[in-house]
Amino acid sequence: MSPESGNIVIESEPDRRVLETIRLAFGMRRLAFLAPDGNGLFELRALLGDGEKGDAREGGTVRDLGAAASVLSGGSPAVFNPQGVMPLRTPYSSNGVPSAGAMAVPFMGGVLWADRRDRPVSDVDFDGFVSMCALLEAASGNARDQLAQSRLVEYLSGILEGLRGVLTSVTEQECVGRLVGTAARQTGAVTGLAALLTGRDEATIVGGYGPEASGMLGATFDISSGLMSLAIRTGAAVPSGFRFSRRMRPVLGKGLDLAISENDGLIVHPMGPMDDPVGALLLAGGDFERPFTAHGVRTLCDCAALLLQRFRMQARMERDAMMDGLTGLYNRQAFIVRLSETFAFCKRHGHDLSLLMVDADRFKLVNDTYGHLVGDR
C-alpha cells in the first residue's frame, strides 16, 4: 500500500483462491473484501460464499459498512457474536443477515469481513483469522511476478489447510501432531519437534516429524538454558537469522539435544505468550529465510497454543468438578458415578463386588482442640 493524495491505493489484490481457502478453513458462510474507492466510499472487491437476495454485487459501491464500520474507525479487529442467530448488519447486504457469529479485520486499507449462521466465532477462530489476514496482507504486496504469486498461493493454501486441521483437533495429541506435520511440510524442514512444558524448567517432546524425531518422542529435558528456553522466555522466534551456529548449543536443553550441522536452517518458535507459555516448536533443515515463512509458523503456533490452553482448562474444570479440593480424592458425585460403573461391570461379568467404608471416630475433637488447619492437615 502507498499513500497518494491522502488516499490508500491497493498495489496488489489478494488472490481469490486464498480468500476462499480462508473462508472454508474457518467455516464461514460468507467472506467479503471491501477496499476504499478514493471518494470516501468503499468498493466490494470480493464476495465469496452462498449469495442471497439483497446482497451487493462485486465491483459495486458500498455506502454503509454496517457492523464493520467500527473496525475501520477503531483500527482493530472485532468479533460480533449475537445471542443466538440474529439479523446482523453486514457490509455486503442492505438487509440484516441472520448470523450466529462474525468477525472483521482491517485489511489492505479496507476491511475483510466473514460471518456464519451455525455457531459463534471462538477466540481460536478469531486469533487464527487475524493472523492469516496479517500474513496475506504482508505477502500480497511482495509477490510481484506470476511465479511468485503461484508459489505464494500454494504456500498460503498449505498453511490454511494445516490450520483447519489444527482448529478441528479434539485432543492435545492430535493438535500437536497436525501442528508439527504442517509446519515441517510447508517449510521443507527435515526435522520437527514440539515440546510442551511439564514444569518450570522442564519440557517433554510430545510431537515429531522426520526420522530423528521418532526416537525422541516422550523424552523429557531441562530447559534452564538453550534456544528452546530462550524462545519460551522471550516469546520470540530464535535464532534471529534462522541459521544454526555451534555457539548456540544446546538447542533443546540439558540432557537432550539435536543433531544439526553448522549453518543449517533452524527456527524455534514459542507456543503461547511469554507470560503464559505452553511450549515451543522446533524446525530444522528447512528454508526459513523465505519471505513470510516465520509468519506462517507463528500463525500455526499461536492457534495451536490457544487450543491447547482450552483443552487444559476444560480438563482442569472436569477434574475440579470430580475432586475434593482438600484431599484430592473423588468427591461424592464422582464416587456415585464410579460406583455405578463398577457395579454395572461386575454384574455384567459376574464378578463379586465389595465396598469398604472407613470413618475416623471423634474427629471433631481434633478440630475443636487443635483448630481446623491441623484438622485439614
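- Within a 6.0 Å radius of CZ in Arg200, other residues, nucleotides and ligands contribute 12 heavy atoms or fewer.
- Hydrophobic cluster membership is shared by Phe126 and Phe311, with clusters built from Ile, Leu, Val, Met, Phe, Trp and Tyr side chains linked at under 4.5 angstrom.
- Counting heavy atoms from C-beta outward, Ser93 and Arg30 have side chains that stay 4.5 Å or more apart.
- Side-chain contact between Met132 and Ile159 is present, with at least one heavy-atom pair separated by less than 4.5 Å.
- When side chains are defined from C-beta on, Leu300 does not count as touching Arg178, because their heavy atoms never get closer than 4.5 Å.
- Looking only at side-chain heavy atoms (C-beta outward), Gln309 and Val278 come within less than 4.5 Å of each other.
- A salt bridge links Glu58 to Arg16: at least one charged side-chain nitrogen sits closer than 4.0 Å to a carboxylate oxygen.
- Not one N or O on the side chain of Arg310 forms a donor-acceptor pair closer than 3.5 Å with the backbone of Met313.
- Taking Ile, Leu, Val, Met, Phe, Trp and Tyr as hydrophobic and joining them when side-chain heavy atoms fall under 4.5 Å apart, one finds Met86 isolated, its cluster having no other members.
- Taking each heavy atom of Ser99 and Pro82 in turn, the nearest pair found is O-CG, 3.3 Å.
- In this structure, Leu282 is not a member of the same hydrophobic cluster as Leu308, with clusters built from ILVMFWY side-chain heavy atoms closer than 4.5 Å.
- Using modelled atom types, one side-chain atom of Glu174 and one backbone atom of Val170 make a donor-acceptor pair closer than 3.5 Å.
- Residue Thr191 holds its OG1 atom at 5.0 Å from CD of Glu212, rounded to the nearest 0.5 Å.
- Atom CG of Asp55 sits about 10.0 Å away from atom CG of Asp50, to the nearest 0.5 Å.
- Distance check, rounded to the nearest 0.5 Å: OG1 of Thr369 to NZ of Lys364 gives 9.5 Å.
- Remark: side-chain polar atoms of Ser214 are paired, donor with acceptor, to backbone N or O of Pro211 under 3.5 angstrom.
- Between the side chains of Thr204 and Thr220, at least one donor N or O sits under 3.5 Å from an acceptor N or O.
- Taking CE of Met323 as the reference point, atom CD of Gln333 lies at 12.0 Å (rounded to 0.5 Å).
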Contacts table for residues 259-275: side-chain donor-acceptor under 3.5 angstrom, sequence neighbours left out:
from: Glu262; atom 1: OE1; to: Arg246; atom 2: N; distance (Å): 3.0
from: Glu262; atom 1: OE1; to: Arg246; atom 2: NH1; distance (Å): 3.4
from: Asp264; atom 1: OD2; to: Ser261; atom 2: N; distance (Å): 3.2

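- Here the side chain of Ser229 pairs a donor or acceptor atom with the backbone of Ile223 at under 3.5 angstrom.
- Counting heavy atoms from C-beta outward, Leu258 and Leu193 have side chains that approach closer than 4.5 Å.
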Exercise. Can you check side-chain contact (heavy atoms from CB on, under 4.5 Å) on Val206 and Leu217, steps first, answer last?
Worked result: CA-CA 6 Å; Val206 295; Leu217 290 177; over 6 Å; no
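- Closest approach of Val121 and Gly101 over heavy atoms only: CG2-C, 3.8 Å.
- For the atom pair Ile336 CD1 and Asn331 CG, the distance stands at 9.0 Å (nearest 0.5 Å).
- Checked against salt bridge (Lys or Arg N to Asp or Glu O under 4.0 Å), Arg243 has the following partners two or more places apart in sequence or in another chain: Glu289.
- Between the side chain of Arg116 and the backbone N or O of Phe26, at least one donor-acceptor pair lies under 3.5 Å.
- Ion pair Lys254/Asp201 not flagged as a salt bridge, since none of the NZ, NE, NH1 or NH2 atoms sits closer than 4.0 Å to an Asp/Glu carboxylate oxygen.
- Smallest separation of non-hydrogen atoms from Leu283 and Ala189: CB-CB, 4.0 Å.
- Here the closest non-hydrogen pair linking Phe221 and Leu252 is CE1-O, 3.5 Å.
- Cluster annotation: Val79 and Val124 are assigned to the same hydrophobic cluster (Ile/Leu/Val/Met/Phe/Trp/Tyr, side-chain heavy-atom contacts under 4.5 Å, transitive).
- Phe335 has its side chain out of reach of Leu329: every pair of non-hydrogen atoms, C-beta onward, lies at least 4.5 Å apart.
- A salt bridge is defined here as a Lys NZ or Arg NE, NH1 or NH2 lying under 4.0 Å from an Asp or Glu carboxylate O, and Arg17 with Glu20 fails to meet this definition.
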Problem set entry | Test side-chain contact (heavy atoms from CB on, under 4.5 Å) applied to Arg29 and Asp115, step by step | CA-CA 6 Å; Arg29 189 183 65 89; Asp115 60 71; 3.5 Å; yes
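- Residue Tyr92 is found in a hydrophobic cluster whose other members, listed by chain and number, are Leu34, Phe42, Leu44, Leu47, Val62, Leu65, Val71, Leu72, Phe80, Leu88, Val97, Val111, Trp113; membership requires side-chain heavy atoms under 4.5 Å apart, directly or through intermediates.
- For Tyr330, the side chain to side chain donor-acceptor pair (under 3.5 Å) criterion is met by Arg338, not counting sequence neighbours.
- Between Cys133 and Phe129 the shortest side-chain heavy-atom distance falls below 4.5 Å.
- Under the 4.5 Å side-chain heavy-atom criterion for grouping Ile, Leu, Val, Met, Phe, Trp and Tyr, Leu230 is connected to Ile232 within one hydrophobic cluster.
- Salt bridge status for Arg89 with Asp64: present, with a side-chain N to carboxylate O gap under 4.0 Å.
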For this session: Could you walk me through whether Thr21 and Glu161 pass side-chain contact (heavy atoms from CB on, under 4.5 Å), step by step?
Result: CA-CA 8 Å; Thr21 306; Glu161 286 300 318; 3.9 Å; yes
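- Between Glu172 and Leu307 the shortest side-chain heavy-atom distance does not fall below 4.5 Å.
- Shortest non-hydrogen contact noted between Met248 and Pro239 is CE-CB, 3.5 Å.
- The shortest non-hydrogen separation linking Ile205 to Met216 is CB-O, 3.4 Å.
- Residue Leu353 shares its hydrophobic cluster (ILVMFWY side chains chained together at separations under 4.5 Å) with Phe343.
- The CG atom of Asp37 sits 8.5 Å away from atom CZ of Arg45, with the distance rounded to the nearest 0.5 Å.
- Phe242 and Val180 fall within the same hydrophobic cluster, defined by Ile, Leu, Val, Met, Phe, Trp and Tyr side-chain heavy atoms under 4.5 Å apart, directly or through other members.
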For this session: Please report the C-alpha distance between Ile22 and Val18 in whole Å, then the side-chain angles of each, then the deciding distance to 0.1 Å, and finally whether the side-chain contact (heavy atoms from CB on, under 4.5 Å) criterion is met.
Result: CA-CA 6 Å; Ile22 290 177; Val18 176; 4.3 Å; yes
